[in-house]
Amino acid sequence: MADEKGFTLWFTGLSGAGKTTISEIVERELRARGSKVEVLDGDVVRENLSKGLGFSKEDRDTNIRRIAFVADLLSRNGVPVITAAISPYREIRDEARETMGDRFIEVFVKASVEVCAERDVKGLYEKAFKGEIKEFTGVSDPYEAPPNPEIVCHTEQEAPEESAQKLIAYLEERELIPAREAATV
Ligand code: ADP
């Protein structure tokens, strides 16, 4: 896509809420349209950009500020970005919003602790409930839900594809991506 518009779809939500799953679908759809979209996934970032950081408030804030820094660099140069990290603290997300202004689109990937624990994709909730993992978001560490996100994905009720479609429709609506041309018969 020539002359793409930069923006950041900033996902926030509990572990297992569906951030990675939905981000992968949106990424695929944008790439299929020729976009140079980049994804900053929390788990991936912690393996490289934030390697060595733990889960104290200070380390979590540093991790999120790094993600915001890179998202800002890319998006201000016309690269669409999707971030998929828990980002539990409102204040740090608001900092990212402050930095990126209109380019920042907050997406609350919403599912209750109970549902995320039932899914328990990585087996982490079981360990957290047993006390084997300290500082686990939603169990033994805070999660501050966004009061005014641009979009909410209700992953207890919507299929991942529906959530992804909602995001694509929002981006089209704001003319951040071109509307898909009607298929020619
Ligand atoms: P996160 O990145 O938020 O930690 P993941 O995407 O890794 O979450 O895991 C979410 C899990 O929930 C996946 O196993 C996914 O298949 C499942 N899931 C069930 N329903 C949904 C939904 N509507 N949206 C997203 N994920 C869903």
Side-chain angles (χ1 to χ4, degrees), residues 1-31 33-110 122 124 133-138 141-153 163-164 167-168 170-171 174-177:
M1 230 187 271
D3 296 330
E4 274 197 275
K5 290 188 182 132
F7 56 83
T8 295
L9 280 181
W10 187 285
F11 288 19
T12 173
L14 297 172
S15 175
K19 300 179 297 298
T20 299
T21 305
I22 297 167
S23 69
E24 283 171 353
I25 303 172
V26 174
E27 179 190 20
R28 208 182 314 130
E29 177 65 28
L30 291 182
R31 284 207 178 271
R33 298 182 185 204
S35 166
K36 291 195 172 74
V37 59
E38 289 287 356
V39 178
L40 294 164
D41 188 88
D43 292 338
V44 179
V45 167
R46 279 187 173 277
E47 282 300 310
N48 46 76
L49 184 63
S50 288
K51 202 169 179 69
L53 291 183
F55 293 88
S56 64
K57 169 133 191 356
E58 196 186 352
D59 279 7
R60 285 176 187 273
D61 289 353
T62 302
N63 178 47
I64 297 307
R65 285 190 175 114
R66 287 182 188 173
I67 292 174
F69 179 79
V70 177
D72 179 47
L73 288 186
L74 291 169
S75 61
R76 76 185 190 202
N77 283 291
V79 178
V81 177
I82 305 173
T83 71
I86 297 172
S87 40
Y89 292 107
R90 190 176 302 161
E91 188 189 349
I92 313 300
R93 292 192 306 265
D94 286 347
E95 260 181 38
R97 182 187 288 278
E98 189 74 22
T99 305
M100 288 185 260
D102 269 3
R103 281 180 278 123
F104 182 88
I105 302 160
E106 193 168 37
V107 181
F108 182 21
V109 182
K110 188 175 180 191
K122 301 165 206 156
L124 296 176
I133 305 177
K134 309 271 180 262
E135 301 175 315
F136 193 79
T137 301
D141 219 50
Y143 177 74
E144 299 174 358
N148 289 305
E150 274 71 18
I151 305 162
V152 183
C153 296
S163 296
L167 298 176
I168 298 284
Y170 175 90
L171 295 172
R174 279 199 41 195
E175 300 186 354
L176 291 167
I177 58 172

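Here the structure is a predicted model, which means the values were calculated and not measured.
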From E58 atom CD to N63 atom CG, the distance as rounded to the nearest 0.5 Å: 12.5 Å
Smallest separation among heavy atoms of P80 and G78, with atom names: CD-O, 3.5 Å
Rounded distance [0.5 Å steps], NZ in K19 versus CD1 in I82: 13.5 Å
Heavy-atom side-chain contact between T12 and I86 under 4.5 Å: no
Donor-acceptor under 3.5 Å (R76 side chain, G6 main chain): no
Any R174 side-chain heavy atom under 4.5 Å of I105 side chain: yes
Exercise: identify the closest heavy-atom pair between R97 and E106: NH2-OE1, 3.2 Å
Close side-chain approach of R33 and I168, heavy atoms under 4.5 Å: yes
Close side-chain approach of C153 to F108, heavy-atom, < 4.5 Å: no
Euclidean distance, L74 CG relative to F69 CZ, rounded to 0.5 Å: 10.0 Å
Straight-line distance of S23 OG to D41 CG, nearest 0.5 Å: 5.5 Å
D102 CG: over 12 foreign heavy atoms closer than 6.0 Å: no
Working for side chain to side chain contact (heavy atoms under 4.5 Å, CB included), residues F11 and I22: CA-CA 9 Å; F11 288 19; I22 297 167; 4.0 Å; yes
Full working for side chain to side chain contact (heavy atoms under 4.5 Å, CB included) between V81 and L40: CA-CA 7 Å; V81 177; L40 294 164; 4.0 Å; yes
Heavy-atom pair of closest approach, residues G138 and L14: CA-CD2, 4.0 Å
Shortest non-hydrogen separation from A17 to G13 and the atoms involved: CB-C, 4.3 Å
Nearest atoms (heavy-atom pairs only) where G42 meets A85: CA-CB, 3.9 Å
Expected output: side-chain S35 to main-chain V37 donor-acceptor under 3.5 Å: yes
Approximate separation, where rounding is to 0.5 Å, of T83 OG1 and R93 CZ: 10.5 Å
Closest non-hydrogen atom pair, K5 against E175: NZ-O, 2.9 Å
Step-by-step side chain to side chain contact (heavy atoms under 4.5 Å, CB included) determination, L30 to E27: CA-CA 5 Å; L30 291 182; E27 179 190 20; 6.0 Å; no
Trace of the salt bridge (Lys or Arg N to Asp or Glu O under 4.0 Å) decision for D43 with K122: CA-CA 12 Å; D43 292 338; K122 301 165 206 156; 3.1 Å; yes
pair V26-L9: side-chain heavy atoms closer than 4.5 Å: yes
Expected output: side-chain E144 to main-chain R90 donor-acceptor under 3.5 Å: yes
Side chain proximity check, S75 to M100, heavy atoms < 4.5 angstrom: yes
Stepwise side-chain hydrogen bond (donor to acceptor under 3.5 Å, both in side chains) test for S56 and E135: CA-CA 7 Å; S56 64; E135 301 175 315; 5.7 Å; no
Side chain to side chain contact (heavy atoms under 4.5 Å, CB included) evaluation trace for D72 with V70: CA-CA 5 Å; D72 179 47; V70 177; over 6 Å; no
Minimum side-chain heavy-atom gap F136-S15 below 4.5 Å: yes
F55 six-ring centre to K134 NZ/CZ under 6.0 Å and within 45° of normal: no
Inter-residue atom distance E95.CD - R65.CZ, 0.5 Å rounding: 4.0 Å
Minimum side-chain heavy-atom gap R60-P88 below 4.5 Å: yes
